[in-house]
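Here the structure is laid out as structure tokens; the discussion comes afterwards.
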Amino acid sequence: MILIDGKRTANEIVEELKPRTAAFEQKYGKKAGLAVVLIGNDPASAVYVRNKIKKCAEAGIASFPHYLPAETSQKEAEELLEALAADSSVHGILVQLPLPAHLNADRILAKIPAHKDVDGFCAENMGKLALKEEGCVACTPLGVTELFKRYGIQTAGKRAVVLGRSNIVGKPMALLLLNADATVTVCHSRTQNLKEECARADILVAAIGKPRFVTADMVKAGAAVIDVGINRLADGTLCGDVDFKAVKEKAAYLTPVPGGVGPMTIAMLLANTMRAAERNP
């Protein structure tokens, strides 16, 4: 079994970005810029934002963090997004989710223009992905496809199963695999014969948020298994959606949690920001 080291791969991507960020700064007299908006005091979100800002600095990308209190109004949040959309020093905009319950996330995210939507969540970018046109792709599934490339995992002609149908991971992951010539099945809570569907997959991507849900009998021998889930257990430890110890005996490739897909998400956010800057300097 080959353990897929997302942390190492993510660090390689950051190193590869450095010549591009330096060339951009030399050409335009400014750095590529990412604005990060955090509303409220969710501890996990604060850690994610801190990590993103740290990685921006490593790659040579300017970060513009905006920390707003939990009681921020809808109008205040939307006005900030409108200002960032008009700011030429900002090439990418990220709103850290989840937002406080009183805010309408869809309306706030709609204020991000498609060319600055480095999370790849807006309808225009999702549509471009579906049509196989160039745009920003959601960072986590894009990171998974990058792992496929760098580890030589073939997708063309392979049977792929995506477990989960969220707009953030499941749907864009399925589209990316389809665009890479895999035969794709999307499984979810209403799927019948779920275990059998998963066990047929040459590539299995688990993204449902259920600790150790994928057991060894759901995995085809020699499959590539990508665990997107990150779950905190009662004892404070982290685990994925895949039963790592059991599945590693059957899989040919497997991502750990932590240290697998997670670091790739941030690396792809930086890559998306750099692409956005190069397209619209």
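In this chain, residues are counted from 1 in sequence order.
- You'll find the side chain of Tyr67 reaches within 4.5 Å of the side chain of Val49, heavy atoms only.
- Side-chain heavy atoms closer than 4.5 Å link hydrophobic residues (I, L, V, M, F, W, Y) into clusters, and following such links, possibly through other members, connects Leu81 to Leu103.
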inquiry  = What verdict does the salt bridge (charged side-chain N to carboxylate O under 4.0 Å, His left out) test give for Glu79 and Lys75, after you've listed the backbone C-alpha separation in whole Å, the side-chain angles of each residue and the deciding distance to 0.1 Å?
reply    = CA-CA 6 Å; Glu79 284 175 349; Lys75 183 172 182 285; 2.7 Å; yes

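- For the pair Val247/Leu254, a side-chain contact is recorded, criterion being any heavy-atom separation below 4.5 Å from C-beta on.
- Without hydrogens or angle criteria, Asp87 side chain to Ser89 main chain gives a donor-acceptor distance under 3.5 Å.
- Between Pro172 and Ser166, the shortest heavy-atom contact is CD-O, 3.8 Å.
- Between Gln74 and His102, the closest heavy-atom pair is OE1-O, 4.4 Å.
- Taking the six-membered ring for Trp and the full ring otherwise, His91 and Phe64 have centroids separated by 6.0 Å or more.
- The backbone N or O of Ala182 lies less than 3.5 Å from no partner atom in the side chain of Lys158, so there is not a single donor-acceptor pair.
- Under a hydrophobic-cluster definition in which Ile, Leu, Val, Met, Phe, Trp and Tyr are linked whenever side-chain heavy atoms come within less than 4.5 Å, directly or via other members, Val162 and Ile4 are assigned to the same cluster.
- Few gaps surround CD on Glu133; more than 12 heavy atoms of other groups in view lie less than 6.0 Å from it.
- Electrostatic pairing of Lys18 and Glu15 counts as a salt bridge here, judged by a charged N lying under 4.0 Å from a carboxylate O.
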Working for side chain to side chain contact (heavy atoms under 4.5 Å, CB included), residues Glu78 and Ile108 = CA-CA 5 Å; Glu78 289 183 20; Ile108 290 169; 4.2 Å; yes

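- With rounding to the nearest 0.5 Å, the separation of SG in Cys139 from CZ in Phe121 is 7.0 Å.
- Using a 4.5 Å heavy-atom threshold, the side chains of Thr155 and Asp181 count as separate.
- Nearest heavy-atom pair, Met173 versus Phe148, reported as atom, atom and distance to 0.1 Å: CE-CE1, 4.2 Å.
- Considering only heavy atoms from C-beta on, Cys136 stays 4.5 Å or farther from Lys128 through its side chain.
- Scanning both residues, Ser189 and Arg165, for their nearest heavy atoms gives OG-NH2, 4.0 Å.
- Each of Val228, Leu194, Thr185, Val242 was compared with Leu163 under the side-chain contact (heavy atoms from CB on, under 4.5 Å) criterion, and only Leu194 meets it.
- Contact of the Lys31 side chain with the Phe24 side chain is not registered, since no non-hydrogen atoms from C-beta on lie closer than 4.5 Å.
- The existence of a salt bridge linking Glu134 and Arg279 is confirmed by a sub-4.0 Å separation between a basic side-chain nitrogen and an acidic carboxylate oxygen.
- In this structure a side-chain-to-backbone donor-acceptor pair under 3.5 Å is present from Lys30 to Ser88.
- Remark: side-chain polar atoms of Asp42 are paired, donor with acceptor, to backbone N or O of Ser45 under 3.5 angstrom.
- Remark: side-chain polar atoms of Lys250 are not paired, donor with acceptor, to backbone N or O of Lys220 under 3.5 angstrom.
- A donor-acceptor contact shorter than 3.5 Å is absent between the side chain of Asp243 and the backbone of Val214.
- Note on Leu176 and Met126: separate hydrophobic clusters, where clusters join Ile, Leu, Val, Met, Phe, Trp and Tyr whose side-chain heavy atoms are under 4.5 Å apart, directly or indirectly.
- Counting heavy atoms from C-beta on, the side chains of Ile112 and Leu94 never come closer than 4.5 Å.
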inquiry  = For a side chain to side chain contact (heavy atoms under 4.5 Å, CB included) check, start with the C-alpha distance between Leu84 and Leu80, then their side-chain angles and the critical distance, and finish with the verdict.
reply    = CA-CA 6 Å; Leu84 294 174; Leu80 172 60; 4.1 Å; yes

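- Taken to the nearest 0.5 Å, the OG1 atom of Thr273 stands 4.5 Å off from the CG atom of Leu269.
- Although no hydrogens or angles enter the test, the distance criterion places a donor-acceptor pair under 3.5 Å between the side chain of Asn272 and the main chain of Val118.
- Residues Phe244 and Val144 do not share a hydrophobic cluster, clusters being chains of Ile/Leu/Val/Met/Phe/Trp/Tyr side chains in contact below 4.5 Å.
- Atom SG of Cys187 is separated from atom CG of Asn193 by 10.0 Å, given to the nearest 0.5 angstrom.
- Looking at Arg20 and Glu278, their side chains come closer than 4.5 Å, going by heavy atoms from C-beta outward.
- Between Leu17 atom CG and Ile61 atom CD1 the span is 6.0 Å, to the nearest 0.5 Å.
- Looking at Arg150 and Glu146, a side-chain N of the basic residue comes within less than 4.0 Å of a carboxylate O on the acidic one, giving a salt bridge.
- Comment: Arg212 does not engage Asp241 in a salt bridge, judged by the lack of any side-chain N to carboxylate O separation of less than 4.0 angstrom.
- Here the closest heavy-atom approach between residue Leu233 and residue Pro211 is recorded as CD2-CB, 4.0 Å.
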inquiry  = Assess the residue pair Gln96 and Lys52 against the criterion (side chain to side chain contact (heavy atoms under 4.5 Å, CB included)); give the C-alpha distance rounded to whole Å, side-chain angles, the decisive distance to 0.1 Å, and a yes or no.
reply    = CA-CA 11 Å; Gln96 185 65 46; Lys52 287 165 184 173; 2.8 Å; yes

request  = Under the side chain to side chain contact (heavy atoms under 4.5 Å, CB included) rule, what do His188 and Ile208 come out as? Steps first, then yes or no, please.
outcome  = CA-CA 8 Å; His188 45 80; Ile208 52 168; over 6 Å; no

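- Within the model, atoms CD1 of Ile93 and CG of Leu34 stand 9.0 Å from one another, a figure rounded to the nearest 0.5 Å.
- Checking side-chain atoms of Lys116 against main-chain N and O of Val90 turns up a donor-acceptor pair under 3.5 Å.
- Side-chain atoms of Tyr253 and Met1, non-hydrogen and from C-beta on, never get closer than 4.5 Å to each other.
- Residues Arg275 and Leu142 approach most closely at NH2-CD2, 3.4 Å, considering heavy atoms.
- Between the side chain of Glu76 and the backbone N or O of Ser73, at least one donor-acceptor pair lies under 3.5 Å.
- No side-chain donor from either of Arg8 and Asn11 sits under 3.5 Å from a side-chain acceptor of the other.
- Val205 and Met268 fall within the same hydrophobic cluster, defined by Ile, Leu, Val, Met, Phe, Trp and Tyr side-chain heavy atoms under 4.5 Å apart, directly or through other members.
- Counting non-hydrogen atoms of neighbouring residues, nucleotides and ligands closer than 6.0 angstrom, the CG atom of Asn41 reaches no more than 12 such neighbours.
- No donor-acceptor distance shorter than 3.5 angstrom exists from the side chain of Asp227 to the backbone of Thr255, with no hydrogens or angles considered.
- Distance CZ/Arg200 to CE/Met218: 14.0 Å, rounded to 0.5 Å.
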